[in-house]
Amino acid sequence: MGSRGGIRPQYGAMLTSDQSVETGFIAGDTVMSQDLKTAIVELDRDAVPALVTQRLEAGDDPLEILGDCRAGMTLVGERFEEGEYFLAELLISAELFKEAVALLDPHLEEAGSRETAGVVVLATMRGDIHDLGKNIFATLLRAHAFEVHDLGVNVEPTHLVDEVQELKPDFVGFSSLITTAFDSTRQAIEMLEDKGLRAGVKIMLGGGVTTPGLAKHLRADFQTSDASTGVTYCLEEAAAAGT
Ligand code: B12
């Protein structure tokens with residue numbers, strides 16, 4: 001573990017992608033951006049918080065920093081898929097990611113200023129315990145004055161439906177990172193339809209494994225793998241509804 005590519009990050013340097021031939025950097029990436037991805041995929045517990053802090057101090061957009069952290073997590077997932085990393089590495093990467101988000105959170109909260117509000121219920125459904133992305137989406141929504149009810153992970157469809165009945169939200173967001181949760185998501189949506197709760201609610205699918213095709217299949221209104229795009233959708237829908 002930890003030797004692939006042989007890149008030892010040069011923290012703080014703002015080199016351009018011209019150096020990519022030698023180092024393996026991706027065209028368009030700055031060294032700072034590539035460093036953070038590398039630090040995450042190499043599970044470097046000192047470098048990750050140091051780089052996030054350094055980039056915040058340098059005035060980088062917190063959403064861009066977050067995007068680089070997420071890209072690092074995608075690389076971790078690829079190594080897991082290839083059998084190079086195991087569950088232990090996934091867990092360590094999750095801890096590193098949480099640490100990065102804890103540093104970014106106050107800046108993400110500052111990012112929003114619009115007063116448009118609506119009620120959002122969020123859940124990761126039964127069969128899925130991934131929640132890092134959902135938590136980020138919740139933070140960004142709150143930053144834009146949405147009232148967020150986060151039901152957590154491994155949520156039973158009946159529990160979600162009870163909460164929707166009680167809270168009468170404008171939006172229900174399902175966060176999915178693993179295909180085994182598709183069935184419970186489908187069940188929840190069908191139960192909302194059967195109980196007559198579907199009409200007043202916009203249903204969103206988000207998370208790495210969701211696709212437009214899945215959204216169509218589940219009769220969801222919206223799908224994305226990007227929290228900011230999700231917030232834009234909520235803001236536009238809330239404005240259109242006059243909330
Ligand atoms: C970290 C991680 C874990 C951690 C999760 C910790 C946690 N608290 O979440 C731990 C170690 C617990 C874990 C466990 C497992 N994992 Co895992 N894990 C990952 C990993 C590396 C990163 C996921 C992540 O957090 N990404 C970063 C976040 C920020 O991205 P995101 O979730 O997509 O969120 C963004 C957007 O999608 C959006 N968003 C998210 N939700 C929502 C919702 C709405 C409504 C909206 C609008 C937007 C939105 O906002 C975020 C910011 O933009 C992925 C690899 C990958 N490629 O994703 C594998 C991965 C998801 N895991 C996988 C697997 C197989 C597992 C395990 C089954 C492993 C095992 N053998 O036990 C278990 C699953 C247990 C279960 N039942 O859920 C597979 C899933 C394969 C599949 N296609 O189904 C992946 C893809 C790895 C792989 N390539 O094989 N995992």
Side-chain angles (χ1 to χ4, degrees), residues 36-37 40-41 43 48 61-102 104-105 108 111 118 120-144 146 148-155 160 169-185 188-189 201-212 214-215 218 220-237:
L36 188 51
K37 286 180 220 169
I40 287 189
V41 73
L43 309 174
V48 171
D61 180 351
L63 283 174
E64 204 176 290
I65 304 172
L66 184 64
D68 289 335
C69 292
R70 183 165 182 258
M73 297 299 272
T74 304
L75 296 175
V76 171
E78 283 170 15
R79 289 195 184 183
F80 178 75
E81 230 167 327
E82 290 160 6
E84 191 179 338
Y85 276 3
F86 299 94
L87 198 53
E89 280 84 7
L90 285 192
L91 277 167
I92 296 166
S93 72
E95 286 311 312
L96 285 178
F97 189 85
K98 276 188 206 163
E99 212 179 320
V101 171
L104 290 169
D105 250 355
L108 294 172
V120 186
V121 166
L122 288 183
T124 298
M125 297 305 290
R126 186 187 62 219
D128 192 349
I129 60 163
H130 297 86
D131 66 356
L132 301 176
K134 170 178 65 57
N135 296 345
I136 289 167
F137 185 45
T139 299
L140 291 181
L141 282 172
R142 289 188 179 113
H144 288 81
F146 284 92
V148 180
H149 298 266
D150 184 349
L151 307 185
V153 299
N154 227 358
V155 173
L160 180 121
D170 305 292
F171 302 90
V172 174
F174 295 97
S175 182
S176 310
L177 265 288
I178 188 159
T179 44
T180 45
F182 288 170
D183 201 41
S184 48
T185 306
I189 294 173
V201 162
K202 294 288 180 196
I203 292 187
M204 305 180 283
L205 299 188
V209 293
T210 63
T211 60
L214 179 73
L218 296 180
D221 298 294
F222 173 76
Q223 179 276 332
T224 182
S225 302
D226 175 62
S228 301
T229 311
V231 172
T232 303
Y233 172 76
C234 292
L235 286 168
E236 284 172 2
E237 288 296 325

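Every heavy atom of this structure was used, including side-chain atoms; hydrogens, water molecules and symmetry mates were not. Both ligands and their constituent atoms are indexed starting at 1 by order of listing.
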Rounded distance (nearest 0.5 Å) linking atom CD1 of Ile136 with atom CG of Leu66: 4.5 Å
Polar atom proximity, Phe174 to ligand 1 (N or O, under 3.5 Å): no
Option of least heavy-atom distance to atom 45 (C) of ligand 1 (set: Phe182, Phe80, Tyr85, Phe137): Phe137
Gly208-ligand 1 polar pair, N/O distance under 3.5 Å: yes
Shortest non-hydrogen contact between Leu151 and Val121, atoms and distance: CD1-CG1, 3.7 Å
Ser225 backbone acceptor or donor facing Thr229 side chain under 3.5 Å: no
Considering only N, O or S atoms of His130, the one closest to atom 17 (Co) of ligand 1: NE2
Atom 52 (C) of ligand 1: the protein heavy-atom neighbour that sits closest, reported with distance to 0.1 Å: Ala227 CB, 3.7 Å
Nearest neighbour in protein (non-hydrogen) for atom 72 (O) of ligand 1: Leu87 CD1, 3.8 Å
Contact summary for Phe137 and Gly230, nearest pair of heavy atoms: CE1-C, 3.6 Å
Glu81 N/O to ligand 1 N/O under 3.5 Å: yes
Option with minimal heavy-atom separation from atom 9 (O) of ligand 1, where the choices are Val76, Ile40, Asp131: Asp131
Residue Val209 vicinity, atoms of ligand 1 by number, heavy atom under 4.0 Å: 83 (N)
Closest approach of any protein heavy atom to atom 25 (O) of ligand 1, naming residue and atom: Leu132 CD1, 3.3 Å
N or O contact, Lys98 vs ligand 1, cut-off under 3.5 Å: no
Nitrogen or oxygen atoms of Ile136 and ligand 1 under 3.5 Å apart: no
Polar proximity ligand 1 side, Arg70 side, N/O cut 3.5 Å exclusive: yes
Atom 60 (C) of ligand 1 protein-contacted (non-hydrogen atom, under 4.0 angstrom): yes
Heteroatom distance test (Gly77, ligand 1): nitrogen or oxygen, under 3.5 angstrom: yes
N or O contact, Thr74 vs ligand 1, cut-off under 3.5 Å: no
Side-chain donor/acceptor of Asn154 to backbone N/O of Ile129, under 3.5 Å: no
Under 3.5 Å: N/O of Ala94 near N/O of ligand 1: no
Nearest protein heavy atom with distance in Å, relative to atom 39 (N) of ligand 1: Gly207 N, 3.8 Å
Lys/Arg-Asp/Glu bridge criterion (N-O < 4.0 Å) met for Lys98, Glu95: yes
For atom 68 (C) of ligand 1, the protein heavy atom that lies nearest, with its residue and separation: Ile178 CD1, 3.6 Å
Sidechain-backbone polar pair: Ser176 side chain, Val209 backbone, donor-acceptor under 3.5 Å: no
Option whose closest heavy atom lies nearest to atom 23 (C) of ligand 1, chosen from Leu66, Leu63, Leu177: Leu177
